[in-house]
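A, B, ... follow the sequence lines: proteins, then strands. Residue 1 opens every chain.
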Amino acid sequence: MELGPRDRLSQAFVKELEKGRTVDTPYGHVVHLDLRHLGEKKINAKIPFVRELCMKYQNLDPVKDLIPVRPVVHYMMGGIHTDINGATPLPGLYAAGEAACVSINGANRLGSNSLPELLVFGARAGRAAAEYASRGLAINPRIIAQKTDEHRRLEHELLNKKGSERIATLRDEMQKSMETSSGIYRSGASLRNGMEEIRRLQERYVDVAIEDHSKTFNTERVSALELSCMLDVAETIVTAATRREESRGAHQRIDFPARDDKRYLAHSLVYRNADGSARVEYLPVTITRWPPAERVYGEAAPHGGPNHITGGTLSSGAGV
Amino acid sequence: MGDRITLQVARYRPEQESEATYDEFEVPCPKDWVVLDGLNHVKDRLDGTLAYRWSCRMGICGSCGMTVNGEPKLTCATFLSEYAPGPVRVEPLRNFPVIRDLIVDIGDFMRKLVRVKPWIVRQVEKPLSAGEYLQTPDELEEYKQFSMCINCMLCYAACPIYGLDPKFIGPAVIALAQRYNLDNRDQGAAARMEVLSEHEGIWGCTFVGECTKVCPKHVDPAGAIQRYKLSAAVDSMKSFFLPRGA
Amino acid sequence: MDQNHAYTAYHPRWLRPHVSTYWWLEKPAYLAFILREGSCMFVAWFTVYLLLLLRAIQQGQAAYEAFLAWSAGPVIVLVNIVSFAFLIFHAITFFQAAPQAMVVHVGHRRLPARVLLAAHYAAWAAASIVVFWLLTGA
């Protein structure tokens, strides 16, 4: 189980949490990883980096201590919609990396995908952006007007406001709310609650407190802007999750446990309407070489898994 | 070990003052909290105007280098409990100009780094059809240690030569140049030699050795510099006695 | 770029802390470094002293006796004791530093620092034995 796929591990954790078999800590509920039986020699030989990480950044030694473990957000599978050259639907805006979604991930993340996202698509986006810039096209006056407005907003509103809501408080509440409503397991009810919570946080954000009025390296202003964007992203996540009435990869709905390829073999694209509300459209998935199949492991897999010998028996099962 | 500790944090607000001042904050001190956790607690709960750099909080991005009780440290890898009962003095990294609070300008390092071409330089590019550049594990070992550099600049803060003469090219830059010089896929050693054998290149180094002591990734820049001095000296003797090539 | 928007670059005043003339007293490691560098002066003194000794020998018995008398004076004795201490310090720090700069491969593997350090001390001991044997004619 310890070496299983990440989403299955996270789901197993939630099952244990529901059974009341987890330990509560200041960082949330955890389970403990016990490596003490391996002994110091084996740990140093096989997993020295695990030991180093624990000792250097958590002040605990796996040889003697238990390692607290809990699922956390590791990566954003979605992002800014781009084509294969990093171009977004907004002309002149390009995106690459984790912030973008050229979509080499889908509903689950493949390990090491960050590397091609940077090296391949980053390079393509950079080249495409340079080529676009060299065309010397005139800038849309509406964009210039937007820029002036935003500049005024940042200089006057965000820099001079007093406010009473601490950025960290809103951020923590957003994180807790998202984990409960749109975490490893979701339901129509939890998502609805999540959306209400986000709306409340967005209203409270209007009164956010900015103590730093300096123009020099003002990191608090950056945090405030990031929080506002995070609330937007949270809203898109909950919106898309609410519409998607199936379970697929990291999106697991206890009210819709099966995968529904007929209706939802598609990417959710979320747009902001003129009145500020969210609109979801679907873009069908591009399927080239491998059509979607049933997700099974070990002996039940179509090709019998990596250790399959025709007519023989499997000695190691990776079934989950 | 108590459960709270005092941080004495250096402040610099260029719009209001021309000198650094110190603010004191009392923060929690659980066993697993690092200095960065303390600073984050200050910014989140006590004083939102504190400005500092950080990112990964696990010693791989190199952003959070600061001076802690006089020593250059990564604040994400320095436990508060180490300094109990405190106080813990947190100041910006030495030998760099301070922009604001704990934030220093690292432009000098960035400009110097580009000068030594920290990438694979090829005289002759292999076409894609010829396949990959091959490298055995032994060839990797030759330069692997120097590739661990995370550009945290603790070595520059520790180097008294850089403090006295900011033109000195510095430990990390030379170590990174060596990382590529010793890479069997690279063909740019000659180009780097020109930059490094300047007066303020490797010859500025007098082997104090503090850079190696403070390096959080065990890169050993002092070793890299001394080794390079040897090859630079051999190279210059060769060009003196055999000007048209060996 | 929007030509209508006049942009004034904002550059805050940076704080450039002064490096004190006594920077080498701030840390024990810095002090050790300055002492190490300074020890070469005492090495130079011993070289001069040896040359003076050679000159005295070359000038004959009387000059040699005079030199020995001069060396026995309290000032020279003190200077030589201090110089000898610094010489040892110089040698030890030199040996400590050397393995960091030397990469010696035996076959595939790189010799560890301890081995190089041991080799330095062994060479020092060997050289000392040879010199002792030469001087005492044993």
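- For the residue pair A:Glu211 and B:Thr49, no side-chain donor N or O sits within less than 3.5 Å of a side-chain acceptor on the partner.
- Contact between B:Glu15 and A:Ser214 at its shortest, heavy atoms only, is OE1-OG, 2.8 Å.
- Counting heavy atoms from C-beta on, the side chains of A:Thr219 and B:Lys43 come closer than 4.5 Å.
- Atom CE of A:Met76 sits in a sparse spot, with 12 or fewer heavy atoms from other residues, nucleotides or ligands closer than 6.0 Å.
- Contact detail for A:Tyr27 and B:Trp33: the closest heavy-atom pair is OH-NE1, 3.5 Å.
- Within 6.0 Å of atom NZ in B:Lys217, more than 12 heavy atoms from other residues, nucleotides or ligands are found, so the atom counts as buried in its surroundings.
- In the displayed structure, A:Glu131 atom CD is contacted under 6.0 Å by more than 12 heavy atoms of other residues, nucleotides or ligands.
- The number of heavy atoms from other shown groups lying within 6.0 Å of NZ (A:Lys215) does not exceed 12.
- Using a 4.5 Å cut-off between heavy atoms, B:Asn40 makes no contact with chain A at all.
- Atom CD of B:Gln16 and atom NE2 of A:His213 lie 10.5 Å apart (nearest 0.5 Å).
- Comparing B:Pro216, B:Gly59, B:Pro14 by how many heavy-atom pairs each has under 4.5 Å with chain A, the most go to B:Gly59.
- Residue contact with chain A, scored on non-hydrogen atoms closer than 4.5 Å, involves the backbone and the side chain of B:Ile99 alike.
- Contact check on A:Lys56 versus B:Asp32 returns no salt bridge, with no Lys/Arg side-chain nitrogen under 4.0 Å from an Asp/Glu carboxylate oxygen.
- Under 4.0 Å is where a charged nitrogen must lie from a carboxylate oxygen, and between A:Asp212 and B:Arg100 at least one such pair does.
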**Message:** side chain to side chain contact (heavy atoms under 4.5 Å, CB included), that's the test. Do A:Thr169 and B:Arg45 meet it? Break it down for me.
**Reply:** CA-CA 8 Å; A:Thr169 311; B:Arg45 317 272 164 215; 4.0 Å; yes
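- A donor-acceptor pair under 3.5 Å links the side-chain atoms of A:Tyr57 to the main chain of B:Met58, judged by distance alone.
- Only the side chain of A:Arg171 comes within less than 4.5 Å of a heavy atom of chain B; its backbone N, CA, C and O stay farther away.
- In this structure, chain A has a heavy atom under 4.5 Å from the backbone of B:Arg57, while its side chain stays farther away.
- Looking at A:Asn59, its side chain does come within 3.5 Å of a backbone N or O of B:Lys31 through a donor-acceptor pair.
- A distance of 7.0 Å separates CG in B:Asp44 from CG in A:Asp172, rounded to the nearest 0.5 Å.
- The number of heavy atoms from other shown groups lying within 6.0 Å of CZ (A:Arg127) does not exceed 12.
- Contact of B:Leu50 with chain A is made through the backbone alone, with heavy-atom distances under 4.5 Å.
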